[in-house]
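Right, one structure below, let's go through it.
Residue numbers start from 1 in every chain, and the chains themselves are labelled A, B, ... in the order their sequence lines are given, proteins ahead of strands.
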Amino acid sequence: MNLLRAYEQADIYLVVAAFLLAAGVYGLIRRRTLIGMLISGELIFSAASLNIMALNCFYAPDPTVGQIFALFVMGLAAAEVAIVLSIIIAVYRNYHSIKTRELSELNG
Amino acid sequence: MSAPEVIPASDKPCETFVLNVGPQHPATHGVLRLKLTMDGEYIMRAEPVCGYIHRMHEKMGENRTWAQFLPNTGRIDYLAAMAYNHAYVAAVERAAKIAVPPRAEYIRVITTELNRISSHLVWFGAFLLDLGGFTPLLYAFDDREQILDMLEAVTGSRLTYCYYRFGGVCNDVDADFIRGCRDFVARLRPRLKMYRTLVTDNIILRKRLEGIGFISQEMCRKYGATGPVIRGSGVAYDVRKIEPYSVYREFDFDIPTFPEGDCMARYLVRMEEMAQSLRIIEQAVDKLPDGPVLSSGVPRVLKPPAGDYCFAVEAARGRFLVRIVSDNKEIPYRVRLRTPCFSNLSLFEEATAGMMLPDALAVLGSLDLVIPDIDR
Amino acid sequence: MNSFPISDYLAVAIFVFCLAATVGGALLAVLTARIIRSVCGLMICCIGLAGLYYFLHSPFLALMEILIYVGAVCVTIVFAVMLAEPDEPAREERSGAAILWGTVALTVGAAICWGLSRLSLQGQWTAPAAKVTDGSVKAIGVSLLTTYSMAFELISLVLLVAIIGALVIARTGRSKA
Amino acid sequence: MEPEKACSQDLSQIIKFAKLDELLDLSRANSLWPLTFGLACCAIEMMAAGASRFDLSRFGAEVFRPSPRQADVMIVAGTINKKMAPAVKTLYDQMLEPKWVIAMGNCAISGGPFVYPGQYAVIEGVDKLFPVDVFIPGCPPRPEALIEGILKLEEKLTGKRRWPTVTPQ
Amino acid sequence: MKKYLKEIGGGFYSLMLGMRVTLAQFFKPTVTVHYPHESLKMTPRFRGHIELVRDPKTGQAMCFACKVCEKACPSDCIIVEGVKKEGEKRKSVTEFKLDFTKCSLCGSCVEACKSNAIQFSKAYNMVSMNKEDFIMNLFQKLESERSADGQATATPPPEQPKSEVP
Amino acid sequence: MSLSELLRMLVYVVGVMAFVGLNAAYLVLAERKGAGRFQRRPGPTEVGYAGWLQPVADGVKLLCKQLIVPPGADAALFRLAPLLVMIPAMMSLAVIPFSETLVGRNINVGLVFVFAFGAINVMAVMLSGWASRNKYAIISAARVVSQDVAYEIPMLLVVITMLMATGTMNLHEIVQQQAGWFWHWNLFRLDLNPLMPVTFIIFFTCMLAETNRAPFDMAEAESELVAGAFTEYAGMGFGVFFMAEYANIVVGCAMTTLLFLGGWQSPFGVGSGVIWFLLKMYAVVFTVIWVRWTFPRTQFYNLLNLSWKILIPLSLFTLILTAVMMKVLRA
Amino acid sequence: MVDYAGRGFHLNVCVWPDRVVAAAELLDRNGFALDAVTGMDWIAENEMEVVYDYFHPADSCRVVVRTRVPRSKPEVPTISQVYPGANWHERETHEFFGIVFLGHPNLTPLLLPEDATYHPLRKDFVA
């Protein structure tokens, strides 16, 4: 493995993507606040994008597709953030807390 | 967030916070403190806290002679010191029954009106500074320097004149001053037009001031607000017309009023007042009679007969009332200074509820406060 | 072209920097107690990711990553933090449940990381014989407006609905308060 | 290393530092940013000093900073009363080193005309609260005097006066 | 719609007019007095701190310590002392202290003085690093000026700290 | 990558840094002197010859001023923000072509590059405000975000209009298309879009708003928020924000020049070069200063109204108009 | 009725303290505005005086309403519900003279420091 050409190997990207996903999942479980969970969610989205992009760059016949899908992922992430944040703010207005434990009322 | 809508006060305490504006803050023009209870950028409650420059003028009046208190009056409202000197001097003259020679009265009117313009110019600049425009301030100060030069040549001081005496004024004016007045009138008229183009017509300024900070006539009456504030609400109340003092009866001038009651109306009132003051100066200079400037019948040791006497003048910020109580001694028994800014500020709390922060500061600017005038 | 080794080192250095930013940012995002730092972590992670995208021959996507994530997502989150969380959350109490959840999370995370890494490292990927397109901005544009026009429209619709939904939710929350 | 050599090296270090200090003082002297802090009458003259006629900016001192963190010199322009004194002290404490104070006007120097036996409100001089570098008397002082005060402060910092002295006529 | 466009157009026009005003000012000469290099001439009535007047005939101070100014002063900043010398009709001043830091420059003292023995100085730019510099001994100052004049030198008296009148 | 290219890159990095630094320092002086002239006073004149050493004095002073992190502030973020704020300007200047040849990296997506990195700026100001834990700073930070987000939209709409009109995201090519006499500049290309001057004004306005310049300087609204997001910053921390403001102005003005005023192209068709670029850029900078010293500050909701009710509809309209024109003209 | 030229006001009314509010309401109905509330300390008579100045925004008419209370129990009903502008004036009079305005919503020092307990305008005040 030529270290000087590290950036031309898919493996590193894939490992980083796996790490991002793992970090995201960890955060999702660990975090107590909605915003914290949202951030973890964003990490998972990023992991997916990176994975798509890495495979797209090295192993796909048409490198356009992956980029377009990554773009779509970003668009979805943005939409998700908008919705989730508005929910968070609405929840905060009503409950004055965004800590998940204190919101158990939401469960019904 | 498209319009200055008023959001009903939330009863939940955690959404509001307290913002302290002042005592040192660029917008308070001195050492006023505003305790703002805010919800985001909206003001729930604005409570002025004053007294940071209380200088015990009223107490000082009780332990110095009638004449020695005169320098103090110029320091209550240092921007329009002449009118304050005038009120005090005239109150003592009323008490001691001192007649003032006509030439002195004319000089008093000229200098007071010049001082009123210079005060309004400072307000104009400082108000624009509040609104974020720096250049008009310096243009206004440039014009103001001309007035100060003239007044300094007559009185010897730039700000705290202490020019009037019981029974007249201490120095006569010379031909240079008269010429200076005419030149200044000729100079300021086009400058006012320039201010109109640069500032008054400016869309940004209009958007910021129109419809902001409405103060009703009823509110002015209940709080005793006077001066440009009440005139900006459409009441033609001006001490110079209602209780004419000095020789104001002899001049032809208008009381500018604007009925809107918003910041723009108060702004326009002051701008128009400068033009009216120019008219008064012009007439006074033309009519200036000859004669002595200081009455000869003033006793060396002044002991006005016992009783209380009032004298109100139209200072640059509104009605200034001096009430002196004499017990026929060399020193006053009580000097009460009813200052316009005190009453004008007291309605601030009611006028700014539900407003946004910058609007409230625009209202504060449009009230034209001089803080020592409130605190005395 | 006579290649000079320093430039290679430079490229690797930048690459490593991007990697470090991505990983470090992600760690910061999930480990710090303060939400605002967590957002900063996300931002750093995104900047690093943008660098990685650049190394993956798609500068356009890299810029979009910065524009969307840093310029929009992170800013919105910080804004939400300002609106919804005026106080710092107290440090998480060390109760039994917390430790338990922490362990579970750590285990799950480690498992995912290890598993996926193994999968990706062992996977037998075959490089394509020839690229159909060059993956340039122009190619993206053409594809977006031809092959994927339907998806593109759908995404736009989703975004629109999201914006309107966000507005509605946030508004009603306000009027209730 | 012989002591002599070490000594000479130290000396050169000191000389170097001295040069650097001089540069620093010169820079500080020419970039005195005042705190926007008007109390009373003198504040108007302070504004006038910043205005076109007198133009404090010629000396680089027109950058009036409203935040004490960014200001170098506090121009105490006006009367300080007992209610205001804690706030002034706080402002002074919030300013960062190096900092200077100019007491402008008689009120700031000694309470001015508001001092009489038995007075209850006025602090008799700002130097009772914190050290003052330059005093400018007057009630209020003319804007020239404020400029002169800034020059005096520069003189204090650099040790020499770069400008001609003006004898009033 | 028409109103909307008109507002935009009118607003923009007003902005342009404002910019024309400032640009016109940009090309006008400055109004600044470059203070340390040039200075304004003070008006004859300028009220600086007070100083004693010398009798042009005798060269002595005109003041005869009648203390009217001391009484007239609202801020108690003048202290006058005088003695009656042998063979003279009036007292002559021996000490005239002015605490300028308390003075409000009202001019009461000069007006009260019936013998025109005090006048305003033109010192408009006094500064000092020392507060005590402004508690002035006017009589001493007068005397030292007198002796300096007697030696026909124009140098300022050595007692006077340079900072007082820079 | 060859050695010469590496050297070139190094020189360029150093050059950009020096350019940003000098510009920031001397634009402050220019601003102060310009403000003085608008107000009929000379501005800084006494420090060095005609005040030329004023920025040096200010810089040295700021460098040696005591630095503190105010109690209660988030120390890490408080220190991070000033670092972050300089990045966008530095990065952007790397892709801005000063002339035909003088460009750091001629990348195909230069236009997006500048705006993408501009987004970091918002983040930095916001973090500085948040980290200060000062009420004024937090209000200011909230304002900055709403303002920048609101103005990003019309700005990007204008950029898309220009993108459609020019058909490229490469800044170099955009300028090359504007070669020839000055009526070939995009500003006067009424055949692309008859509302081109309006587009230009929208862009200029948005640029002022994005750089937080008067009359849109809500972030540093002195009379309301003391010093806004920077209230707690002292010494060089504040100095960096000060410099970044001017660096961002330079970038904004450079982009205005590139997009609308023909970049390095001479207005007379001959003698193009870096001098023209700088001339035009500084002319725009002068306008920015001129605007600042003429107008009062806008109110916050007026500012948003301006964006949502005027700039966005107008820019959308020009966008559609351009599309229609292109369709009609090409057909 | 008094001579305006000699005194500076037209009408001088002395009332008992309990009629102050009624006077204020009467003047309010007639469209008067509150000018000032002034305290006075007549130490020789061992009394405190509160003077209410009114002016009319449209006519030249100045009315002065006075009331006297004993120094030992200086209590006057507030008129701040009639004239909200009196709120500050009464606070000021309270802090300087120690006159208590009964029913005032917030009788705390206005100009003096918040913890001030002295009444400086009383004639027997020593700092």
Side-chain angles (χ1 to χ4, degrees), chain D residues 41 49 51-59 100-117 119 124-128 131-156 161-169, chain E residues 25-26 28-44 46-51 73-78 98-109 120-136 154-156 160-166:
Chain D
C41 333
S52 309
R53 178 74 164 282
F54 302 101
D55 198 15
L56 212 47
S57 78
R58 287 176 291 132
F59 308 95
W100 300 276
V101 176
I102 293 178
M104 179 183 184
N106 287 346
C107 294
I109 297 177
S110 69
F114 299 102
V115 173
Y116 64 91
Q119 60 96 359
E124 297 183 10
V126 69
D127 52 351
K128 297 236 176 1
V132 175
D133 295 274
V134 173
F135 296 89
I136 309 172
C139 194
R142 279 185 64 95
E144 284 102 334
L146 179 60
I147 295 178
E148 193 66 42
I150 296 268
L151 300 188
K152 190 80 188 167
L153 188 55
E154 300 197 17
E155 191 183 329
K156 181 177 181 179
R161 189 186 168 89
R162 295 204 292 135
W163 288 275
T165 50
V166 176
T167 329
Q169 48 187 327
Chain E
Q25 301 288 328
F26 188 81
K28 281 189 187 162
T30 58
V31 294
T32 305
V33 179
H34 287 254
Y35 163 65
H37 304 293
E38 57 190 22
S39 60
L40 293 171
K41 197 166 160 27
M42 290 298 112
T43 66
F46 176 76
R47 299 209 291 252
H49 67 80
I50 51 170
E51 57 191 12
C73 180
S75 357
D76 298 329
C77 51
I78 302 172
L98 170 68
D99 183 354
F100 189 45
T101 65
K102 282 162 86 182
C103 176
S104 61
L105 298 173
C106 60
S108 306
C109 43
F120 293 115
S121 76
K122 297 278 173 285
Y124 63 91
N125 56 356
M126 293 168 61
V127 292
S128 169
M129 290 188 260
N130 210 339
K131 181 170 163 174
E132 282 69 41
D133 285 352
F134 305 121
I135 300 171
M136 291 182 255
T155 49
Q160 284 302 303
K162 206 179 122 197
S163 46
E164 198 174 287
V165 184

Does D/Asp133 have any side chain to side chain contact (heavy atoms under 4.5 Å, CB included) partners at least two apart in sequence or in another chain, and if so, which? D/Trp100, D/Val101, D/Leu153, D/Lys156
Heavy-atom contact with chain D under 4.5 Å, split by part of E/Thr101: both
Is E/Asn130 close to chain D through its backbone or its side chain, or both, or neither, when contacts mean heavy atoms under 4.5 Å? backbone
Residues that D/Phe114 engages under ring pair (Phe, Tyr, Trp, His ring centres under 6.0 Å), provided they are two or more places apart: B/His57
Which atoms of [X] approach chain E - backbone, side chain, both or neither, heavy atom under 4.5 Å:
X: D/Arg53; answer: both
X: D/Tyr116; answer: neither
X: D/Leu151; answer: side chain

Stepwise side-chain contact (heavy atoms from CB on, under 4.5 Å) check, E/Cys103 with E/His49: CA-CA 8 Å; E/Cys103 176; E/His49 67 80; over 6 Å; no
Inter-residue atom distance E/Met126.CE - E/Ser121.OG, 0.5 Å rounding: 7.0 Å
With a 4.5 Å cut-off on heavy-atom pairs, point out which of D/Cys139, D/Pro137, D/Ala145 contacts chain E the most. D/Pro137
Exam field: side chain E/Thr32 to backbone D/Ser52, donor-acceptor pair closer than 3.5 Å: yes
Strictly distance-based, threshold 3.5 Å: is any side-chain N or O of D/Gln119 a donor or acceptor partner for the main-chain N or O of D/Val115? no
Of the listed E/Ser104, E/Pro74, E/Cys73, E/Ser75, the one with the largest count of heavy-atom pairs under 4.5 Å with chain D is E/Ser104
